[in-house]
**Student:** 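This is the structure, below, for whatever I ask next.
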There are 2 protein chains.
Amino acid sequence: MDPVLDLSRLLSPRSVAIVGASSNLDSISGRPLKLLRRLGFRGALYPVNPGRREIGGLPCWPDVASLPETPDVVLVGVRADLVEAVVDQCVARGVLFAVIFSSGFAESDDPGSQRRLVEKAAAGGMRLLGPNCQGLVNLKDRVPLSFSASLDTDALRDGSVAYVSQSGAFGFASYAMAADQGVGFRYVVTTGNQADLDVLDFARHFVTDPEVRLLVLYLEGLNRGEAFFDLLDEASRRDLPVAILKAGRSATAREAAKSHTAALTGDRAAWAAVMAQHRVIAIDDADDIVDMGRVFSLGTVPAGNRVAVLTTSGGGGILMADQCDDQGLAVPLFSEALQARLAPYLPAFGSTRNPVDMTAQVINDPEGFPACLDAVLSSDEADMVVVVLSMITGQAGRKMAEDLARAAERARKPLVCCWMINEEQGGAFLDYLRHRIPLFGSPKRCARALGALHRWSTRSRQPRCALPPAVPALDAFPDRLTEYDAKRLLDLHGVPVTRERLCQTLEEALTAAEEIGYPVALKIMSPDILHKTEARIVALRLKDEEELKNAYGRLLERAALYDERAEIVGVLVQEMVEGGMECMIGMSRDPLFGPMIAVGLGGIYVEVLKDLSLRHAPLTEEMAREMIGELKGYPLLRGVRGEGGRDIAALAEAVAAVSRMACAEPDLLELDVNPLFVLPEGRGVVAADALVVRRQKK
Amino acid sequence: MDPVLDLSRLLSPRSVAIVGASSNLDSISGRPLKLLRRLGFRGALYPVNPGRREIGGLPCWPDVASLPETPDVVLVGVRADLVEAVVDQCVARGVLFAVIFSSGFAESDDPGSQRRLVEKAAAGGMRLLGPNCQGLVNLKDRVPLSFSASLDTDALRDGSVAYVSQSGAFGFASYAMAADQGVGFRYVVTTGNQADLDVLDFARHFVTDPEVRLLVLYLEGLNRGEAFFDLLDEASRRDLPVAILKAGRSATAREAAKSHTAALTGDRAAWAAVMAQHRVIAIDDADDIVDMGRVFSLGTVPAGNRVAVLTTSGGGGILMADQCDDQGLAVPLFSEALQARLAPYLPAFGSTRNPVDMTAQVINDPEGFPACLDAVLSSDEADMVVVVLSMITGQAGRKMAEDLARAAERARKPLVCCWMINEEQGGAFLDYLRHRIPLFGSPKRCARALGALHRWSTRSRQPRCALPPAVPALDAFPDRLTEYDAKRLLDLHGVPVTRERLCQTLEEALTAAEEIGYPVALKIMSPDILHKTEARIVALRLKDEEELKNAYGRLLERAALYDERAEIVGVLVQEMVEGGMECMIGMSRDPLFGPMIAVGLGGIYVEVLKDLSLRHAPLTEEMAREMIGELKGYPLLRGVRGEGGRDIAALAEAVAAVSRMACAEPDLLELDVNPLFVLPEGRGVVAADALVVRRQKK
């Protein structure tokens with residue numbers, strides 16, 4: 001594991017120089033200084049611009065070399081072709097960190113100069129943020145190192161969300177919208193081209209901050225898979241929720257991602273699998289940053305999935321119940337006792353059942369709403385409380401907002417509000433409430449956020465498993481493996497394979513068949529013919545000597561017809577496996593995450609229904625079992641229509657064995673075990689065919 | 001088809017009386033008068049309250065009887081127990097419409113009084129809206145007949161959305177939020193308990209208004225299935241998009257719906273099927289009303305699925321491309337020619353490919369953004385244009401907003417904007433823009449709205465088909481049908497069944513088997529034993545006389561053992577069908593929609609994978625084919641792994657025949673044809689087992 005970088009001098013510098021500072025403080029190159037002063041930065045500030053004597057009342061310096069002290073951080077906003085010289089100066093002065101806003105590096109036609117920046121900084125012990133980024137803000141200490149207009153306000157609040165975004169524009173724009181909605185941030189960092197410091201460096205730092213309650217990452221690509229896993233492990237150990245927006249999934253978007261950040265963009269399915277495996281909250285929209293920020297800032301999770309819905313709108317309550325249902329949340333009928341506690345505050349045409357329809361009449365009794373809130377908050381019949389309000393206006397609206405804020409302070413379970421009202425009638429209440437309680441306008445977003453909170457709380461921590469290292473064996477195999485080779489490799493790694501013998505003559509084949517026992521299968525082995533069915537060089541269920549003799553010559557003839565130059569390494573005589581269910585185990589090597597393991601039901605299930613479960617290796621048998629349980633066709637393995645169950649434990653063992661093999665064999669690029677027959681419970685599994693693609697030897 | 005009600009005097013009355021008017025114009029009972037005056041209602045206004053001489057400067061009348069003229073509409077806001085007397089007075093005066101706001105009727109413990117209201121109104125020729133509703137607003141003519149605070153504003157705008165909601169509170173709250181977001185409404189009507197006038201009455205009226213571009217319905221339940229279909233047919237004929245939010249899907253929510261509106265709540269799957277079948281835009285959230293309102297108000301649909309994305313944020317562009325991909329929209333790489341048109345306005349680190357990353361530098365050239373917009377709007381390489389902006393502020397932001405508004409006026413294809421910015425920096429631009437262009441903050445919602453617009457435009461109109469009436473035959477069958485009866489019924493309705501004979505003796509069975517040809521199946525027929533497999537009274541693949549003789553007695557014995565009192569009506573000798581793929585056709589009778597037809601692959605596909613396609617009857621063969629094409633397992637029918645295709649045409653024919661049968665046989669409650677064997681192409685289908693549940697004869 002890499003050591004965690006000390007970024008404290010970047011996040012809380014004692015002194016900051018701004019190279020390329022403009023005297024127009026509202027321009028992009030003037031704004032960093034404006035923001036530092038507006039937010040009350042208490043360290044030393046050094047504008048650097050050879051054309052000015054002072055900027056904004058501060059003395060201006062011609063270059064970094066002439067500064068009266070070495071600044072902790074230098075902000076660089078000059079034209080791309082001038083950046084290298086600035087970096088030279090910074091290195092010469094022993095600057096710790098440079099934040100490079102300038103565009104025109106790896107994202108355009110000039111990656112060379114970006115590499116030179118990195119090399120020079122590295123040689124001088126300086127770390128770079130950017131280029132092509134919008135910098136960062138440390139809201140806890142009110143330190144903006146950015147030109148983003150989103151920080152040009154008196155309304156900044158700190159909070160418990162740490163947000164690291166590869167995209168500068170999207171990062172600060174989505175931060176600004178979320179802050180408007182009441183989400184409190186502790187840090188926002190944009191990494192741009194991340195020539196040196198990347199999203200993971202910052203994320204790793206923020207994970208150690210006990211005040212951070214949610215880590216949000218916007219990623220377009222990554223190139224440090226192991227560091228990513230380390231981060232997720234550490235977050236998991238600390239029980240810190242991590243939400244990731246992985247952009248660049250579609251083919252078009254991937255195209256754009258390359259030109260935008262010149263980073264690797266992983267495969268969509270692999271990302272989804274890895275995120276699910278590591279308890280990551282997968283998000284895909286700016287709204288999700290708002291919504292996850294709202295509920296995870298609570299710092300409390302529900303003990304179960306039961307939601308109490310209090311509403312002034314019968315329709316709103318029904319809609320919320322629908323949405324909860326979609327999220328796997330229950331809106332249970334309340335007990336007689338709890339209903340009796342609510343009843344005194346409701347008119348006859350209300351409902352105490354849950355959703356609790358208080359009706360708009362609840363505003364007529366000042367004790368009514370607080371009493372209803374108290375009843376459900378203190379009840380053990382609900383793990384979360386949602387208040388759905390409609391057009392409650394004027395004094396009544398103000399009173400409800402205050403009642404809610406008071407209840408939120410005391411609540412020991414998640415309490416959220418969905419208030420459907422327009423700006424003119426409700427804006428004041430909403431503004432008052434949004435920093436005091438997770439506040440929604442959409443029932444669906446409200447329920448989705450609670451659903452995410454609940455699901456996160458129920459997912460178990462899964463740090464990567466440390467498995468006993470397997471012994472690599474692939475080196476001893478030829479460059480191109482036949483099915484026979486592939487099965488020997490599987491066998492060496494503990495995956496049961498068919499009993500079989502590679503034969504060179506008909507006599508050998510007859511002897512082998514006798515030993516194995518009829519019926520047998522016969523297959524021509526050639527590294528040049530991967531698709532044996534297509535070449536028709538497989539004969540199944542040969543039930544005696546006679547049939548074997550007939551098939552032997554016929555198959556060899558077909559092989560020659562199919563490809564006369566194909567090298568034939570032998571004829572495989574193989575046992576026939578009866579009574580098994582066709583499954584498959586696959587493995588591929590993701591450029592970022594390494595070996596990915598797939599398991600699925602075989603045959604039509606994989607081909608037509610794409611029913612596969614995917615995880616990255618290594619996998620324990622327990623994890624493999626979980627994968628199998630997620631298959632849509634899982635009931636078939638467990639047994640349906642009176643048929644008995646299959647040996648799921650043995651299948652899980654085989655999946656785990658393949659995953660260990662994938663980790664032990666770095667040259668193993670792809671593997672298909674298909675079919676793998678899963679026999680009735682207690683009788684194991686057996687691989688009947690396998691295909692291995694290995695890295696070519698040099 | 002019911003005649004369309006003339007609601008014009010309700011929507012645009014010449015005179016309105018307000019019974020229960022309060023002199024406190026900000027109270028709920030005072031607000032109707034306040035709103036009518038605030039919106040400039042030009043007809044006569046008659047506050048009615050025996051305790052007042054004048055209200056708000058208008059003379060106040062003691063009761064309806066004493067009014068100087070008969071008002072077109074009477075608004076009723078008095079306590080529930082006083083409503084009946086008001087209705088009596090209205091009827092006596094010959095009032096056309098009463099809008100009853102009062103709660104405390106069918107939604108509470110007193111449905112009796114609601115029925116009396118309806119009876120009295122009907123006898124007097126008066127129509128009722130409500131009770132327990134919030135009334136309506138006709139924004140076109142600025143007529144509010146409501147107490148909703150959402151109308152208490154000077155900022156009302158009219159537009160092209162007609163919205164009818166069963167829920168008063170949700171209806172006006174969601175209207176108000178959508179109006180805040182720039183959606184223009186023409187009518188908002190809430191129907192509450194809909195004791196008389198219901199959502200369909202208003203919807204049917206609005207469909208005929210050529211200025212309406214989107215009809216939005218919020219429904220909890222309906223009890224007029226035929227009228228609903230009529231409405232959808234008419235909307236389809238007029239090419240008017242209909243969006244429906246059907247609330248009350250979950251078990252909990254259904255519970256609540258009953259107590260809320262005392263209406264039937266349909267089944268979730270049936271609703272989804274019916275909406276899909278009738279080109280309805282299914283929505284499920286307040287946000288959807290906003291988003292559909294935004295894009296369907298454009299009144300223009302995209303000619304294809306290609307989206308041009310113009311952005312100032314590389315990240316925002318990537319995210320939008322991802323979201324488009326999820327919606328089945330393409331973000332195609334632009335041609336060299338189009339890229340050349342864009343290039344002059346972009347810096348080297350931008351991208352002309354699509355997404356077009358203009359970068360924030362586009363603001364430096366006043367011609368840049370309009371030129372880029374013009375290039376994509378006039379290009380035939382894009383069917384829609386999305387502009388994704390981030391934190392563009394100050395003068396530059398104002399300029400971009402104006403450029404966009406100008407482009408929107410001229411655009412002949414959908415042009416929308418997703419502007420990610422906070423209120424303080426961007427509020428003014430957003431306020432300016434939201435009435436001029438569909439304006440989003442979330443890339444996901446933006447792409448989803450465009451996806452909905454595109455999908456709607458590609459769905460064909462499907463008015464209900466008029467099929468030749470089938471001849472009912474069920475009356476001739478016994479009360480409880482055996483498999484043999486069920487298959488005879490199917491046969492009469494044109495569904496091919498197995499060749500078979502019902503026999504009473506072993507001799508008859510042997511003769512029958514000889515004629516049918518071995519192998520045969522043998523099944524005991526008893527109306528008392530529906531689950532033959534469980535009772536083990538089926539023998540398959542009997543290959544000669546010997547086997548048939550053995551099975552005959554054994555099965556009869558088992559039947560007696562399983563249920564000694566079971567009536568045995570005979571022994572069925574049936575052909576064995578080989579080489580067919582197991583499918584199933586099912587039918588159930590929805591209380592609202594009538595017969596629903598399901599088709600799916602049989603066996604494990606239905607049981608494990610729930611792979612079914614559902615529609616309401618009747619169905620043409622073309623529609624049945626569509627259903628079959630939607631099955632996940634459809635490739636299996638078409639043929640995979642070198643296997644030939646199945647007779648899909650014959651399957652579709654059978655589905656259509658079952659649908660005609662379902663319409664012709666009102667007493668047919670449930671039907672399972674399972675398995676129906678689908679033979680290789682050209683060889684037809686054959687029903688091998690069937691189960692019929694019929695309504696019991698009186």
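A note on names: the letters A, B, ... follow the listed sequences, proteins ahead of strands, and every chain is numbered from 1. Being a predicted model, the structure only gives us computed values, none of them experimental.
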**Student:** Taking salt bridge (charged side-chain N to carboxylate O under 4.0 Å, His left out) as the test, write out the residues that go with R445(A), two or more places apart.
**Tutor:**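 Salt bridge (charged side-chain N to carboxylate O under 4.0 Å, His left out) check on R445(A) returns D287(A), D291(A).
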**Student:** Would you tabulate the side-chain donor-acceptor contacts of residues 168-175 of chain B under 3.5 Å, counting partners in other chains and residues two or more places apart, or write 'none'?
**Tutor:**
{"from": "S174(B)", "atom 1": "OG", "to": "Y163(B)", "atom 2": "OH", "distance (Å)": "2.7"}
{"from": "S174(B)", "atom 1": "OG", "to": "F170(B)", "atom 2": "O", "distance (Å)": "2.6"}
{"from": "S174(B)", "atom 1": "OG", "to": "G171(B)", "atom 2": "O", "distance (Å)": "3.1"}

**Student:** Quick check for you: among S442(A), S150(A), A286(A), P635(A), which has the greatest number of heavy-atom pairs under 4.5 Å with chain B?
**Tutor:**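 Of S442(A), S150(A), A286(A), P635(A), S442(A) has the most heavy-atom pairs under 4.5 Å with chain B.
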**Student:** Find the one option among G394(A), S390(A), C324(A) whose heavy-atom pairs under 4.5 Å with chain B are most numerous.
**Tutor:**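 Ranked by heavy-atom pairs under 4.5 Å with chain B, first place is S390(A).
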**Student:** What are the two closest heavy atoms between I318(B) and G248(A), and how far apart are they?
**Tutor:**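 That closest heavy-atom pairing would be CG2-N, 3.2 Å.
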**Student:** Flag yes if more than 12 heavy atoms outside R306(B) fall under 6.0 Å of its CZ atom; otherwise flag no.
**Tutor:**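 Result for CZ/R306(B): enclosed.
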**Student:** To the closest 0.5 Å, what do you measure between CD (E220(B)) and CG (L319(A))?
**Tutor:**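 The CD atom of E220(B) sits 9.0 Å away from the CG atom of L319(A).
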**Student:** Please rank P443(A), S165(A), A179(A) by heavy-atom pairs under 4.5 Å with chain B and give me the top one.
**Tutor:**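 Highest number of pairs under 4.5 Å: P443(A).
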**Student:** At a 4.5 Å cut-off on heavy atoms, which part of Q323(B) comes close to chain A: side chain, backbone, both, or neither?
**Tutor:**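 Looking at Q323(B), backbone and side chain both touch chain A.
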**Student:** Is it the backbone or the side chain of L245(A) that comes under 4.5 Å from a heavy atom of chain B, or both, or neither?
**Tutor:**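 For L245(A), side-chain heavy atoms alone lie under 4.5 Å from chain B.
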**Student:** Could you tell me which portion of I28(B) (side chain, backbone, both or neither) has an atom closer than 4.5 angstrom to a non-hydrogen atom of chain A?
**Tutor:**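 Contact with chain A is absent: no heavy atom of I28(B) under 4.5 Å.
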**Student:** Verify side-chain contact (heavy atoms from CB on, under 4.5 Å) between L151(A) and M391(B), making sure each step is shown before the conclusion.
**Tutor:** CA-CA 11 Å; L151(A) 305 173; M391(B) 296 288 309; over 6 Å; no
**Student:** What residue, out of A178(A), G441(A), S103(A), has the most heavy-atom pairs lying under 4.5 Å from chain B?
**Tutor:**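 The candidate making the most pairs under 4.5 Å is S103(A).
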**Student:** Ignoring hydrogens and geometry, is there a side-chain-to-backbone donor-acceptor pair from Q425(A) to A149(B) under 3.5 Å?
**Tutor:**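 Present.
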**Student:** For chain A, find which of G104(B), G426(B), G350(B) contributes the most heavy-atom pairs closer than 4.5 angstrom.
**Tutor:**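 Heavy-atom pairs under 4.5 Å are most numerous for G104(B).
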**Student:** Quick one: of T311(B), D326(B), D26(B), V290(B), who has the most non-hydrogen atom pairs under 4.5 Å with chain A?
**Tutor:**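 Sorted descending by pairs with chain A, the first entry is D326(B).
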**Student:** Say you draw a straight line from NZ of K632(A) to NZ of K632(B); how long is it, rounded to the nearest 0.5 Å?
**Tutor:**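 Taking NZ in K632(A) and NZ in K632(B), the distance rounds to 7.0 Å.
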**Student:** Quick one: which of D288(A), D285(A), D284(A) gives a side chain to side chain donor-acceptor pair (under 3.5 Å) with K444(B)?
**Tutor:**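 Among the candidates, only D284(A) passes.
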**Student:** Within the distance-only criterion (no hydrogens, no angle test), does the side chain of E424(A) pair as donor or acceptor with the backbone N or O of T153(B) below 3.5 angstrom?
**Tutor:**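 Looks like no, no N/O pair under 3.5 Å.
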**Student:** Can a donor-acceptor pair be found, under 3.5 Å and without considering hydrogens, that links the side chain of N422(B) to the backbone of M177(A)?
**Tutor:**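 Not a single qualifying donor-acceptor pair exists.
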